[in-house]
Amino acid sequence: MPNVNLQNSVDFNGQKFYVGLDAHKKSWAVTIRSMGIEVGRFTQPPSAATLVAHLRKNYPGGQYFSAYEAGFCGTGIHELLCSLGITNILIHAADIPATDKQKKNKTDLHDSRFIAERLEKGGFERDLCTDQRTAGTTKFVPS
């Protein structure tokens, strides 16, 4: 009897994935959304390379967009993500509106989920810092 390999490869060519990050020194909370659905949510070590490897392994061929709140981490994560091919947006904490309920139930995974949802809806200003000499701001609207 012949040996048959029934494994199909998955290709997300051109599909958009929106990644919300809540970045901290020891770990990152990550939420991934696509086509209005949350497709992943997890905590990982603080590494842009690990995140990009996860995205490329699990969602090959996709277009990846991410956002995180630039607090203590500054722009280092942004520059790493951009250098690895991710379109990233730095956001200010004040740009993340929160209800009283959200403030009382604040967790890293809730924050990453909110950032991913808002990113997917085009609700953040996009920081074009791929080249520090030409940095500017424009409205980010997913197409």
Step through it carefully: locate the ring centre of Phe17, locate the ring centre of Phe12, and say whether they are under 6.0 Å apart. yes

Do Leu21 and Ser112 pass the side-chain contact (heavy atoms from CB on, under 4.5 Å) test, and can you show the C-alpha distance, the side-chain angles, and the key distance before you say yes or no? CA-CA 5 Å; Leu21 298 172; Ser112 72; 5.9 Å; no

Are the side chains of Leu109 and Thr43 in contact, using a 4.5 Å heavy-atom criterion? yes

Heavy-atom side-chain contact between Ile32 and Tyr64 under 4.5 Å: no

Interatomic spacing from CZ in Arg113 to CG in Asp108 - rounded to 0.5 Å: 13.0 Å

If every non-hydrogen atom of Ala48 is compared with every non-hydrogen atom of Leu81, which pair is closest and at what distance? CB-CD2, 3.9 Å

So, taking the atom named NE2 in His54 and the one named OH in Tyr59, what distance separates them when rounded to the nearest 0.5 Å? 4.5 Å

Check step by step if side-chain contact (heavy atoms from CB on, under 4.5 Å) holds for His92 and Glu69. CA-CA 6 Å; His92 188 277; Glu69 181 182 328; over 6 Å; no

Val19/Val30 under side-chain contact (heavy atoms from CB on, under 4.5 Å): CA gap, chis, key distance, verdict: CA-CA 7 Å; Val19 181; Val30 180; 3.7 Å; yes

Worked verdict on Ser34 versus Gln15 for side chain to side chain donor-acceptor pair (under 3.5 Å): CA-CA 8 Å; Ser34 184; Gln15 187 171 332; 2.7 Å; yes

dist Ile86:CD1 -> Gln63:CD (nearest 0.5 Å) comes out at 11.0 Å

Around atom NE2 of His24, are there more than 12 heavy atoms of other residues, nucleotides or ligands at under 6.0 Å? yes

With no hydrogens and no angle check, is any side-chain donor or acceptor of Gln44 less than 3.5 Å from a backbone partner on Ser47? yes

Using a 3.5 Å distance criterion without hydrogens, assess whether the side chain of Arg118 forms a donor-acceptor pair with backbone atoms of Gly123. yes

Evaluate the criterion side-chain contact (heavy atoms from CB on, under 4.5 Å) for residue pair Asn88 and Ile77; output intermediate values, then yes/no. CA-CA 9 Å; Asn88 187 68; Ile77 297 169; 5.9 Å; no

Strictly distance-based, threshold 3.5 Å: is any side-chain N or O of Glu120 a donor or acceptor partner for the main-chain N or O of Gly36? yes

Using a 4.5 Å cut-off on heavy atoms from C-beta on, say whether the side chain of Ile91 contacts that of Tyr68. no

